[in-house]
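Notes to accompany the following structure.
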Amino acid sequence: MRKLLQKLFSPLIIRLANKYASRPDSTRVHKALSALYQDIIQRPGKRGQLIDLGTKHRIILFSDQHKGNRSHQDDFTLCEDNYLAALRYYNEHDFLYCNMGDSEELWKNMLLDVIKHNKANFEAEKRFLERNAYIKLFGNHDLYWDNDPLAGFMLKNIFGTKVRIYEGIIFSLAVKDQQLNIFITHGHQGDMQSDGNWFSKWFVSNIWGPVQSFLRINPNTPAFDNQLKSEHNQIMYDWTAKQTNLALITGHTHQPVFNSLTHLERTYIRLNEAKKKGDKATIQKLEAELLAGKISGNTSPRLENSKNTYFNAGCCCFNDGDITGIEIEDGKIRLIEWKKDINGVPQHLVLEETTLDNLLG
């Protein structure tokens with residue numbers, strides 16, 4: 001019966017959920033990003049940190065874990081093994097961890113339930129905090145950390161020490177005798193249906209959450225509502241294109257973006273190049289990736305003449321258990337993925353890579 005109901009009602013429910021979950025408006029988004037960026041530059045420490053990285057740096061950025069209570073509406077469950085393996089690796093290699101928001105799914109769940117079922121994940125995050133190498137941002141699904149008077153007490157209870165919560169962070173570093181600023185925030189700013197909007201929270205908590213739990217639906221696939229995600233990413237890119245020597249890294253859309261192009265777009269570019277060369281092995285490999293990910297759609301019309309200024313970490317709640325993130329290490333930036341091999345062992349993969357000097361301009 002559940003499978004029949006999934007087939008009948010899943011498309012409608014997903015469309016409704018998406019309609020009320022995100023409605024980006026370029027004017028509002030650009031205004032909100034500019035205001036946050038200037039606030040951090042002019043008054044560092046209040047809404048966000050301004051950190052000079054120097055020449056040596058190792059940073060990992062993960063977003064959108066949406067940790068829940070391990071019910072059927074918990075999108076993080078399948079990704080937990082990859083997430084824990086990734087955090088072990090990055091802590092052992094002395095990375096700074098910036099958690100970009102929506103780490104806890106507090107629209108669908110009570111905080112105490114999330115804490116109860118995620119002790120191992122909080123303990124893994126705590127290890128970075130013990131090295132003074134942990135930065136926690138808030139998103140729209142864990143806005144609680146920013147606006148609840150008990151948030152500080154709860155965080156200290158979880159991590160054993162005080163944890164500052166920020167809306168954004170700016171890493172400043174010298175690249176080829178120029179200053180490059182990397183602006184990091186969750187990405188919901190200015191989104192009319194996500195920027196603290198009460199109706200979205202009510203819809204997810206009271207309609208989408210229970211239905212998702214019953215139908216056991218996880219919409220977090222690379223193809224889910226690709227058009228709307230790309231629209232939001234395009235708005236973010238348009239803001240960065242107006243800046244100089246500034247790159248923006250967000251999450252929120254759950255869609256990985258590297259050098260202002262989605263990973264999906266880059267896959268199609270590689271596929272087209274392989275077809276032109278008659279490279280059958282590469283064609284077969286890329287088509288298998290698209291098929292395995294159930295990816296469909298076309299490349300973006302914005303493939304040429306785009307600045308390398310916008311990145312999106314993707315998410316840690318894909319329905320196949322994979323997670324994606326952004327690494328910044330000693331002059332390079334990478335889009336990475338953690339996924340299990342055929343033996344079920346989490347593996348670290350580099351999907352895209354470029355040097356930071358390509359972000360200047």
Side-chain angles (χ1 to χ4, degrees), residues 53 57-67 75-76 78-105 118 121-122 124-125 127-129 133-139 141-142 166 168-169 171 182-188 220-222 229 233 236 247-264 266-267 293 308 310-340 346-354 356 359:
L53 289 180
H57 42 266
R58 285 184 170 184
I59 302 167
I60 177 61
L61 304 161
F62 282 129
S63 185
D64 294 88
Q65 294 85 357
H66 291 270
K67 303 188 197 86
D75 297 336
F76 177 70
L78 292 177
C79 298
E80 183 174 24
D81 290 346
N82 279 318
Y83 184 66
L84 289 173
L87 293 195
R88 282 195 298 270
Y89 170 87
Y90 293 117
N91 187 53
E92 289 171 359
H93 289 80
D94 294 322
F95 276 69
L96 181 153
Y97 176 24
C98 182
N99 195 333
M100 298 172 59
D102 282 6
S103 182
E104 289 73 49
E105 176 49 75
N118 287 275
N121 299 295
F122 287 122
E125 293 167 359
R127 294 188 185 102
F128 291 87
L129 190 61
Y134 184 61
I135 297 171
K136 187 173 178 64
L137 309 183
F138 66 84
H141 282 251
D142 55 8
Y166 297 105
I169 188 149
F171 290 122
I182 301 177
F183 178 29
I184 300 164
T185 187
H186 179 67
H188 65 287
N220 296 304
T221 70
K229 291 179 180 180
N233 285 326
M236 294 287 186
L248 173 67
I249 304 176
T250 70
H252 189 52
T253 69
H254 297 192
Q255 186 183 55
V257 176
F258 190 83
N259 275 358
S260 306
L261 294 174
T262 69
H263 184 59
L264 171 62
R266 289 183 174 276
T267 301
N308 300 326
Y310 176 58
F311 299 77
N312 192 299
C315 73
C316 295
C317 58
F318 284 118
N319 66 353
D320 57 2
D322 297 351
I323 66 174
T324 58
I326 297 287
E327 289 178 6
I328 303 172
E329 181 179 15
D330 298 339
K332 293 183 179 180
I333 184 169
R334 308 181 186 99
L335 173 65
I336 57 90
E337 178 181 41
W338 283 79
K339 65 185 304 176
K340 293 182 179 179
Q347 300 294 315
H348 171 250
L349 304 173
V350 176
L351 301 179
E352 310 282 352
E353 181 181 81
T354 192
L356 291 175
L359 279 58

ask   = Ile184 and Leu137: which non-hydrogen atoms are nearest, and at how many Å?
value = O-CD1, 3.8 Å
Check: Ser103 main-chain N/O paired with Asp142 side-chain donor or acceptor under 3.5 Å = yes
request  = Evaluate the criterion side chain to side chain contact (heavy atoms under 4.5 Å, CB included) for residue pair Ser63 and His186; output intermediate values, then yes/no.
outcome  = CA-CA 7 Å; Ser63 185; His186 179 67; 3.7 Å; yes
ask   = To the nearest 0.5 Å, what is the distance between CG (Leu61) and CD (Glu327)?
value = 9.5 Å
note = Closest heavy-atom pair, His254 versus Phe318, reported as atoms and distance to 0.1 Å, is O-CZ, 3.5 Å
task = On the 0 to 90° scale, with breaks at 30° and 60°, tag the Phe95-Tyr89 ring pair as parallel, tilted or perpendicular.
result = tilted
ask   = How far apart are the closest heavy atoms of Cys98 and Ile169, and which atoms are they?
value = SG-CG2, 4.2 Å
ask   = Distance from His348 atom NE2 to Glu337 atom CD, nearest 0.5 Å?
value = 10.5 Å
request  = Supply the atom-to-atom distance Lys340 NZ to Leu78 CG, rounded to the nearest 0.5 angstrom.
outcome  = 8.0 Å
note = So CD1 of Ile59 and CD1 of Ile326: to nearest 0.5 Å the spacing works out to 12.0 Å
task = Please lay out, stage by stage, how Ile333 and Thr354 fare under the test side chain to side chain contact (heavy atoms under 4.5 Å, CB included).
result = CA-CA 6 Å; Ile333 184 169; Thr354 192; 3.6 Å; yes
query = Looking only at atom types and distance, does a side-chain atom of Asn91 sit under 3.5 Å from a main-chain N or O of Ala124, one as donor and one as acceptor?
reply = no
inquiry  = Side chains of Thr253 and Asn312: any donor to acceptor distance under 3.5 Å?
reply    = yes
request  = Please say which of His66, Gln65, Lys67 ends up in a side-chain hydrogen bond (donor to acceptor under 3.5 Å, both in side chains) with Glu104.
outcome  = Lys67
request  = For the pair Thr250 and Tyr310, evaluate side chain to side chain contact (heavy atoms under 4.5 Å, CB included) and give the outcome as yes or no after the intermediate values.
outcome  = CA-CA 8 Å; Thr250 70; Tyr310 176 58; 2.8 Å; yes
task = Using modelled atom types only, decide if a donor and an acceptor are shared between the side chain of Thr324 and the backbone of Ile336 within a distance under 3.5 Å.
result = no
query = Within the side chain of His252, is there an N or O that forms a donor-acceptor pair under 3.5 Å with the backbone of Asp64?
reply = no
task = Ignoring hydrogens and angles, state whether a donor on the side chain of His93 or Glu329 is under 3.5 Å from an acceptor on the partner side chain.
result = no
query = What's the shortest heavy-atom distance between Cys316 and Phe76, and which atoms?
reply = O-CD1, 3.4 Å
request  = Return yes if some donor-acceptor pair links the side-chain N/O of Asp102 with the main-chain N/O of His141 below 3.5 Å, else return no.
outcome  = yes
task = Could you give me the CA-CA distance, side-chain angles and deciding distance for Asn121 and Leu84, then say whether side chain to side chain contact (heavy atoms under 4.5 Å, CB included) is met?
result = CA-CA 7 Å; Asn121 299 295; Leu84 289 173; 3.4 Å; yes
query = Do you know which two heavy atoms are closest between His57 and Gly331, and how far apart they sit?
reply = NE2-N, 3.2 Å
